[in-house]
Amino acid sequence: MKVLVIGRGGREHAIVRQFARSAFIEKVFAAPGNDGMRLEAELVPIEEMEFQALAQFAKEQKIDCTFIGPEQPLSAGIVDFFESQGLRAFGPSKAAAQIEGSKTFAKELMKKYQIPTAAYATFSEIAPAIDFIRQKGAPIVIKADGLAAGKGVVVAGSEEDAIAALHDMLEDRKYGASGSTVVIEEFLDGEEFSFMSFVYNGRIYPMVISQDHKRAYDGDRGPNTGGMGAYSPVPQIEESIVDETFHKIVKPAIEAMAEEGVPFNGILYAGVIVTAEGPKVIEFNARFGDPETQVVLPRMKSDFGDFMYALMEGKPFDLEWQEQAVLGVVIAAEGYPEQPEKGKLLPNLAGLSGVDIFHAGTTATSEGFAANGGRVLLISSEGDTVKAAQEKVYEQINSLSWSGFMHRSDIGWRASNPN
Ligand code: AMP
Ligand code: GLY
């Protein structure tokens, strides 16, 4: 089989690598990909939103399956377009991608089908939104309704911070049109985890769970980012909670989408907080998480190409995962997430041993790889436990000098110190 992976981040590098390892895949293409993927994929200089050119390429190269990484092309209908051209693509339709693209859509679906989630209200005017915040008090959560690359969420510790966030979104349009409507949500207190599943024609294959670190700085402080590191498994989340999440959240959501006439195919990502009342949804994504993918996919023991083929053909498959833990730390450009500095040269990565490296915002230069985006790399390691993986990865990271870059030094801390 030949596959085409669409996207250019660390998540797509993990997808590319997993396909490249498959005995059933003869060739992996990435469009546009990034320079760090060149050993595993042939890069195709077509951007994610150029549907016509991508489909043309898939036809010419006789691609068996196109796998879409990021949310933007999904929300814009890339899968519908590919299918209309007789091409096979893995991901949700434009209508189904609304589960991520519109928080209002997701919230209404959950309300209708009694899927546990934080209480919420939606506003596009500032005055009633302020009244609502005054009435509910802090902590409280303000979210831009549309896509904002994981950054359109403010967990406000005070009413003043909440109101400032409202001004940023509704008046100053900090997140553009994505913030013209805001969702104000009850603050959920508890351990958080990411539960991703492969879904196709009603069949669901859950993956092992993971935990992301969304805040920019150590101790889970600072602004929300796309994610600063992740690990899998999440030992502090009991198996019974994972089961309950599957039966009360994931399966009902997929059935609800079918019931609504917008069946979901692709990766359903549920972001969950385990509250005193049980697991509740904080968000759905219609795609793989980044950086969760980089720590989850490498734990797949089954052949990824073999699995994807069986999934799309409707054949039963026994999807297996390894016991070994994986922990990954994001290296970001200094200034991320507000103003990442571009162009800084990375230290020589050949000096690292026993780690996996996933490239995101890098470009190859004559002197080595340079930063070309907010999140630059993810460096991961395996271990018998999360702690062992953590020690290994930090020992390697600390062996190099990272001036011009930033990374958290405590990824995985909750695995040994929950709450
Ligand atoms: P989201 O983009 O919706 O996943 O939100 C980003 C991060 O903000 C989440 O990963 C949580 O850590 C936090 N968050 C979002 N919604 C809530 C909530 N209702 N209660 C507590 N924390 C939240
Ligand atoms: N890491 C969270 C996300 O991909 O949305």
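The analysis underlying the following values was restricted to heavy atoms, covering all of them including side chains, and did not include hydrogens, waters or symmetry mates. Counting starts at 1 for both ligands and their atoms, following the listed order.
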Item to check | Residue of the set D168, I142, I130 for which side-chain contact (heavy atoms from CB on, under 4.5 Å) holds with I163 | outcome: I130
Checklist entry - Going by an N to O cut-off under 4.0 Å, is there a salt bridge joining E260 and K112? => result yes
Checklist entry - Quick check: does R11 get an N/O under 3.5 Å from an N/O on ligand 2? => result no
Checklist outcome for this item: The atoms of ligand 2 lying under 4.0 Å from a heavy atom of K214, numbered in the order shown, are 2 (C)
Checklist entry - Is there a side-chain contact between E341 and Y336, using heavy atoms and a 4.5 Å cut-off? => result no
Checklist entry - Do the charged groups of R375 and D290 touch, with an N to O distance under 4.0 Å? => result yes
Checklist entry - Any idea which atoms of ligand 2 are less than 4.0 Å away from a heavy-atom of G289? => result 4 (O)
Next on the checklist: If you compare all heavy atoms of P291 against all heavy atoms of G227, which two are closest, and at what distance to 0.1 Å?
Outcome noted: CD-CA, 3.8 Å
Checklist entry - Side chain or backbone of D212 under 4.0 Å from ligand 1, or both, or neither, by non-hydrogen atoms? => result neither
Next on the checklist: Taking 4.0 Å as the limit for heavy-atom contacts, which would you say applies to K103 with ligand 1: side chain only, backbone only, both, or neither?
Outcome noted: side chain
Checklist entry - Are K94 and E100 close enough for a salt bridge, meaning some N to O gap below 4.0 Å? => result no
Item to check | Location of contacts on N224 toward ligand 1, heavy atoms closer than 4.0 Å | outcome: side chain
Checklist outcome for this item: Within 4.0 Å of some non-hydrogen atom of R287, the atoms of ligand 2 are 3 (C), 4 (O), 5 (O)
Next on the checklist: Is G227 close enough to touch ligand 2? Criterion: a residue heavy atom under 4.0 Å from a ligand atom.
Outcome noted: no
Checklist entry - With atoms numbered from 1 as shown, which atoms in ligand 2 lie under 4.0 angstrom from a non-hydrogen atom of Y269? => result 2 (C)
Next on the checklist: Can you name the atoms of ligand 2, numbered from 1 with element, that are less than 4.0 Å from a heavy atom of D212?
Outcome noted: 1 (N), 2 (C)
Checklist entry - Can a non-hydrogen atom of G226 be found less than 4.0 Å from any atom of ligand 2? => result yes
Item to check | Ionic contact status for R221 with D218, cut-off 4.0 Å | outcome: no
Item to check | Electrostatic pair K280-D189, nearest N-O below 4.0 angstrom | outcome: no
Next on the checklist: Can you tell whether the side chains of E382 and R299 come within less than 4.0 Å, N to carboxylate O?
Outcome noted: no
Item to check | Options K280, E192, K214, Q211, ranked by nearest heavy atom to atom 11 (C) of ligand 1, top entry | outcome: E192
Next on the checklist: Less than 6.0 angstrom separating the ring centers of F317 and Y309, yes or no?
Outcome noted: no
Checklist entry - What atoms in ligand 1 come closer than 4.0 Å to a heavy atom of V155? => result 8 (O), 13 (C), 14 (N)
Checklist entry - Is it the side chain, the backbone, both or neither of M196 that has a heavy atom closer than 4.0 Å to ligand 2? => result neither
Checklist entry - Is L188 in polar range of ligand 1, meaning some N or O pair under 3.5 Å apart? => result yes
Checklist entry - Within less than 4.0 angstrom of ligand 1, does I273 place any heavy atom? => result yes
Checklist entry - Contact between G271 and ligand 2, counting heavy atoms under 4.0 Å? => result no
Item to check | Validation row, ring centre F304 to ring centre F24 under 6.0 Å | outcome: no
Next on the checklist: Under 4.0 Å from a heavy atom of F187: which atoms of ligand 1 are those, numbered in the order shown and with their elements?
Outcome noted: 20 (N), 21 (C)
Next on the checklist: Give the atom numbers and elements of ligand 1 that come within less than 4.0 Å of a heavy atom of E185.
Outcome noted: 16 (N), 17 (C), 18 (C), 19 (N)
Item to check | Proximal ligand 2 atoms for E292, defined as those under 4.0 Å from one of its heavy atoms | outcome: 1 (N), 2 (C)
Next on the checklist: With a 6.0 Å cut-off on the ring centroids, do F51 and F82 count as close?
Outcome noted: no
Item to check | Heavy-atom side-chain proximity of P298 to F358 below 4.5 angstrom | outcome: yes
Next on the checklist: Regarding ligand 2, does N285 bring an N or O atom to under 3.5 Å of one of the ligand's N or O atoms?
Outcome noted: yes
